[in-house]
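To keep things clear, I will list the structure first and then write my remarks on it.
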Amino acid sequence: MQVRLDLSGLKRLQRNAETFHGEHQVKLLEILSPQFMRSNTRFSSLEDMLSQCGIPEESFGDMPIPDKDDLTRRNTKFQSWQEMINAGAIEYTKKQLFK
């Protein structure tokens with residue numbers, strides 16, 4: 001008896017993984033996508049969170065990390081800004097690998 005294996009999914013995963021070789025820059029809005037924000041906050045997007053919290057988007061990058069941590073704790077299920085970024089990066093990577 002012979003069993004046929006369909007390895008096309010594994011080959012696709014391998015090709016997708018090869019695209020991750022080396023360093024890459026990913027936009028914050030891709031890591032904290034609207035889907036991620038809807039799943040982990042009460043907001044529809046990062047822009048929505050900043051807007052509703054009265055934080056101008058253009059000044060967010062200059063905001064000190066302790067302030068970002070406080071914003072994150074008050075408005076998400078995460079305890080720090082870095083924890084939220086890490087979770088978003090994991091979700092982003094999974095989507096890229098299994099697309």
Side-chain angles (χ1 to χ4, degrees):
M1 172 197 260
Q2 288 187 339
V3 177
R4 297 187 96 196
L5 297 175
D6 179 4
L7 300 177
S8 60
L10 185 58
K11 289 177 183 177
R12 186 176 65 243
L13 176 62
Q14 181 180 4
R15 279 192 311 273
N16 292 343
E18 287 169 358
T19 66
F20 274 98
H21 182 73
E23 292 185 20
H24 300 272
Q25 289 188 359
V26 180
K27 293 179 182 179
L28 181 61
L29 293 177
E30 290 181 67
I31 292 174
L32 301 180
S33 69
Q35 181 182 359
F36 177 85
M37 293 298 288
R38 284 190 302 273
S39 296
N40 295 286
T41 74
R42 59 184 175 90
F43 303 101
S44 62
S45 66
L46 178 60
E47 298 97 331
D48 182 38
M49 182 173 86
L50 296 177
S51 174
Q52 289 194 39
C53 292
I55 299 168
E57 285 183 50
E58 58 275 1
S59 66
F60 182 69
D62 296 328
M63 185 183 238
I65 294 296
D67 292 347
K68 288 180 181 176
D69 287 344
D70 185 53
L71 175 72
T72 302
R73 268 190 301 280
R74 287 186 288 115
N75 294 288
T76 75
K77 67 179 200 172
F78 302 103
Q79 293 303 305
S80 72
W81 174 247
Q82 189 62 55
E83 181 183 349
M84 185 164 87
I85 296 294
N86 291 348
I90 289 168
E91 190 170 301
Y92 171 83
T93 301
K94 285 179 184 177
K95 284 181 185 175
Q96 297 305 306
L97 287 174
F98 297 102
K99 65 181 177 181

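Keep in mind the model is a prediction, meaning the values are calculated, not measured.
Note: I85 CD1 to E83 CD = 11.0 Å, rounded to the nearest 0.5 Å. Note that the CG atom of N86 and the CD1 atom of I31 stand 9.0 Å from one another [nearest 0.5 Å].
Contact record, F78 with A87: CE2-CB, 3.6 Å, taken as the closest heavy-atom pair. Here the shortest heavy-atom pairing between L71 and C53 reads CD1-SG, 3.7 Å.
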*Please test L32 against M49 for side chain to side chain contact (heavy atoms under 4.5 Å, CB included), starting from the C-alpha separation and ending with a verdict.*
CA-CA 11 Å; L32 301 180; M49 182 173 86; over 6 Å; no

_T41 and L46: CA distance, side-chain angles, deciding distance, side chain to side chain contact (heavy atoms under 4.5 Å, CB included) verdict_ = CA-CA 9 Å; T41 74; L46 178 60; over 6 Å; no

_For a side chain to side chain contact (heavy atoms under 4.5 Å, CB included) check, start with the C-alpha distance between S33 and K95, then their side-chain angles and the critical distance, and finish with the verdict._
CA-CA 11 Å; S33 69; K95 284 181 185 175; 4.0 Å; yes

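The aromatic rings of W81 and F60 lie perpendicular to each other, with more than 60° between the two planes, well past the 30° mark.
A continuous path of Ile, Leu, Val, Met, Phe, Trp and Tyr side chains, each step under 4.5 Å between heavy atoms, connects L50 with L29, placing both in one hydrophobic cluster. One hydrophobic cluster, built from ILVMFWY side chains closer than 4.5 Å, holds both V26 and L28.
Side-chain contact check for Q79 versus T72: every heavy-atom pair is 4.5 Å or farther apart. Side-chain contact check for K68 versus I65: some heavy-atom pair is nearer than 4.5 Å.
Side-chain contact check for E47 and S45: at least one donor-acceptor pair (N or O, by modelled atom type) lies under 3.5 Å.
Between the side chain of D48 and the backbone N or O of S44 there is at least one donor-acceptor pair closer than 3.5 Å.
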